[in-house]
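Take a look at the structure set out below.
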Amino acid sequence: MTHPTGNRELIRAINRSHVLNAIKAYGPIGRADIARRTGLSPATVTSISAKLISQNLVFEKSAGDSSGGRPPILLVINPKGGYVVGIKLTETNAVCALTDLEATVIAKASMPLSGHNPIRVVEDLAHMVTTFIREQKISKKQLLGVGVGLAGIVDADEGILRQSPIYGWDNVPLRQMLQSKLNVPIYIENDVNTLTLTERWFGPGQGVDNFLTVTVGRGVGLGIVVNGQFYRGQNGGAGELGHTTIDPKGPLCACGKHGCLEAYVGDPGLVRAANEEYERGHLSVKVETIEELLQLAQSGDTSAIKIFKKAGSILGIAIANLINLFNPKKIIISGEGTREGDYLFISMKESIQQNTMPGLFDPKIVEIIPWGDDVWARGAAGLVLRELFESPIHKQTPTAATV
């Protein structure tokens with residue numbers, strides 16, 4: 001797409017983004033410092049900052065140090081200048097989080113879904129958001145938007161869920177359906193992508209132009225940032241790391257193929273492996289959940305510990321392959337699977353070192369972040385915040401980067 005440099009409205013929007021992001025990154029910051037950092041004229045910075053203050057997105061703070069004369073008035077992001085709701089859809093529930101403009105979770109809630117019919121799910125979500133913000137005393141005027149993250153192939157630009165493995169949906173216009181109920185901006189995205197976007201803007205990915213987010217839990221997901229740009233692929237399907245093949249003759253995966261990474265490392269695969277060990281007489285009890293298997297490992301059961309160790313080694317090979325392919329500055333490991341701790345990650349780290357090209361291996365690039373139940377929903381909220389902070393330049397260019 002040709003960049004319309006002569007478009008005044010676009011130039012104003014780009015300049016606004018530069019000022020807003022300078023305040024976000026360096027605030028409290030004076031107007032003169034913003035001008036120096038952005039290359040904009042002092043008059044332009046003054047005009048834009050006045051508009052941001054009038055919109056309640058920015059406020060003036062107490063004066064900073066001065067080398068002489070009147071001390072500068074500093075600008076900071078107003079975290080209470082607006083609010084965002086993020087929703088993570090699971091097989092049975094919707095997890096909801098309310099965040100401020102700094103992606104800080106203020107409140108959270110969970111609601112069971114009444115079924116998997118798209119119309120019913122949208123009705124459930126609309127009722128949940130309406131009730132949730134009312135309970136938090138947030139008006140519709142204060143609500144900047146709602147972000148929805150869920151597993152599957154998502155066309156984020158069109159707001160269409162192309163394919164959902166957990167609901168069996170195909171080409172559902174989820175954004176339009178929910179927007180017609182709530183009358184606020186709606187953004188939908190693959191759940192791993194929402195997490196990656198939020199880490200990019202508010203977490204360990206800040207200021208990092210090349211990083212990957214790997215999520216481990218029910219499945220194995222991948223979010224990709226290359227040269228500062230988020231990579232979705234041709235149809236929004238990039239990052240299906242869990243469905244890369246480890247062994248074509250391996251166990252059946254939920255996707256219908258055999259030997260996927262997810263079938264070895266995802267929660268259902270670990271439970272399957274545990275019950276195979278039980279049938280061989282190596283595991284003392286049969287397990288039904290990953291929590292039960294983790295409890296066995298914590299109690300010292302050697303077979304349970306070996307299951308996690310093997311999964312960690314296989315995951316390490318996959319991550320080593322990512323390092324060899326992308327040469328990232330950082331890899332963020334997240335997801336419910338991080339609760340497995342050293343049972344999974346000691347062997348994973350050893351495997352990464354063994355399988356990465358020597359010139360590319362650096363143990364410091366792998367960062368495991370603590371997990372909380374609201375992380376997925378906070379990630380979905382980040383979809384809306386990204387719209388607020390991202391430069392229109394990025395919105396004018398194709399989402400697929402060359403890698």
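At least one donor-acceptor pair closer than 3.5 Å links the side chain of Glu292 to the backbone N or O of Glu288. A donor-acceptor pair under 3.5 Å is formed between the side chain of Thr198 and the backbone N or O of Thr194. Formation of a donor-acceptor pair under 3.5 Å by the Asn275 side chain with backbone atoms of Val287 is found in this model. The main-chain N or O of Ile160 is never found under 3.5 Å from a side-chain atom of Asn171 such that the two would form a donor-acceptor pair. Under the 3.5 Å distance criterion, the side-chain polar atoms of Thr130 are left unmatched by any main-chain donor or acceptor of His127. Formation of a donor-acceptor pair under 3.5 Å by the Asn78 side chain with backbone atoms of Asn56 is found in this model. Looking at His258, its side chain does come within 3.5 Å of a backbone N or O of Gly250 through a donor-acceptor pair. Between the side chain of Arg378 and the backbone N or O of Ala103, at least one donor-acceptor pair lies under 3.5 Å. Proximity of a side-chain donor or acceptor of Asp362 to a complementary backbone N or O of Lys364 within less than 3.5 Å is detected. A donor-acceptor distance shorter than 3.5 angstrom exists from the side chain of Asn117 to the backbone of Ile119, with no hydrogens or angles considered.
In summary, of the residues considered (Glu276, Lys306, Glu277), a side chain to side chain donor-acceptor pair (under 3.5 Å) with His282 occurs for Glu277 alone.
Here the CG-CD1 distance, from Leu212 to Ile332, works out to 9.0 Å after rounding to the nearest 0.5 Å. Rounded to the nearest 0.5 Å, atoms CD1 (Ile29) and CD1 (Ile23) are 7.5 Å apart. With rounding to the nearest 0.5 angstrom, the CG atom of Leu125 is 7.0 Å from the CG atom of Leu174. Here Ile34 contributes atom CD1 and Thr38 contributes atom OG1; the two are 7.5 Å apart, rounded to the nearest 0.5 Å. Considering CD1 of Ile331 and CD1 of Ile368, their distance stands at 11.0 Å, rounded to 0.5 Å. Leu383 CG to Asn193 CG: the interatomic distance, rounded to the nearest 0.5 Å, is 9.0 Å.
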Working for side chain to side chain contact (heavy atoms under 4.5 Å, CB included), residues Thr338 and Val216: CA-CA 7 Å; Thr338 59; Val216 185; over 6 Å; no
Worked check of side chain to side chain contact (heavy atoms under 4.5 Å, CB included) between Leu20 and Val58: CA-CA 8 Å; Leu20 190 60; Val58 167; 4.1 Å; yes
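By the 4.5 Å heavy-atom criterion applied to side chains, Glu340 and Asp267 are counted as neighbours. Between Arg386 and Arg200 the shortest side-chain heavy-atom distance does not fall below 4.5 Å. Taking the side chain as every heavy atom from C-beta outward, Leu150 and Tyr167 approach each other to under 4.5 Å. Using a 4.5 Å heavy-atom threshold, the side chains of Ile290 and Leu294 count as separate. Between Glu199 and Val225 the shortest side-chain heavy-atom distance does not fall below 4.5 Å. A heavy-atom distance below 4.5 Å is not found between the side chains of Tyr26 and Asp33. In this structure, Trp169 and Val121 have side chains that are in contact, with non-hydrogen atoms separated by less than 4.5 Å. Contact annotation: the side chain of Asn327 never approaches that of Asn210 to less than 4.5 Å [non-hydrogen atoms, C-beta and beyond].
Phe132 pairs by the ring pair (Phe, Tyr, Trp, His ring centres under 6.0 Å) definition with nothing, not counting sequence neighbours.
The side-chain hydrogen bond (donor to acceptor under 3.5 Å, both in side chains) pairs that include a residue from residues 44-54 are Arg31-Ser49, Ser41-Thr44, where partners are two or more places apart or lie in different chains. For residues 140-152, no residue pair satisfies the salt bridge (charged side-chain N to carboxylate O under 4.0 Å, His left out) rule, not counting sequence neighbours. Pairs engaging residues 158-179 under the salt bridge (charged side-chain N to carboxylate O under 4.0 Å, His left out) rule: Asp155-Arg162 [sequence neighbours left out]. Screening residues 212-231 for salt bridge (charged side-chain N to carboxylate O under 4.0 Å, His left out), with sequence neighbours left out, gives Glu91-Arg218.
Under a cut-off of 6.0 angstrom, the local environment of CZ in Phe361 is crowded, with over 12 non-hydrogen atoms contributed by other residues, nucleotides or ligands. Applying the 6.0 Å contact sphere to NZ of Lys80 captures more than 12 heavy atoms from other residues, nucleotides or ligands.
A salt bridge links Arg232 to Glu189: at least one charged side-chain nitrogen sits closer than 4.0 Å to a carboxylate oxygen.
Listed here is the closest heavy atom pair of Pro328 and Leu322: CD-O, 4.3 Å.
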Please report, to 0.1 Å, the donor-acceptor pairs under 3.5 Å made by any side chain of residues 342-352, with sequence neighbours excluded.
unit_1	atom_1	unit_2	atom_2	d
Ser347	OG	Lys309	O	2.8
Ser347	OG	Leu344	O	3.2
Ser351	OG	Ser313	O	2.7
Ser351	OG	Ile317	N	3.3
Ser351	OG	Asn355	ND2	3.2

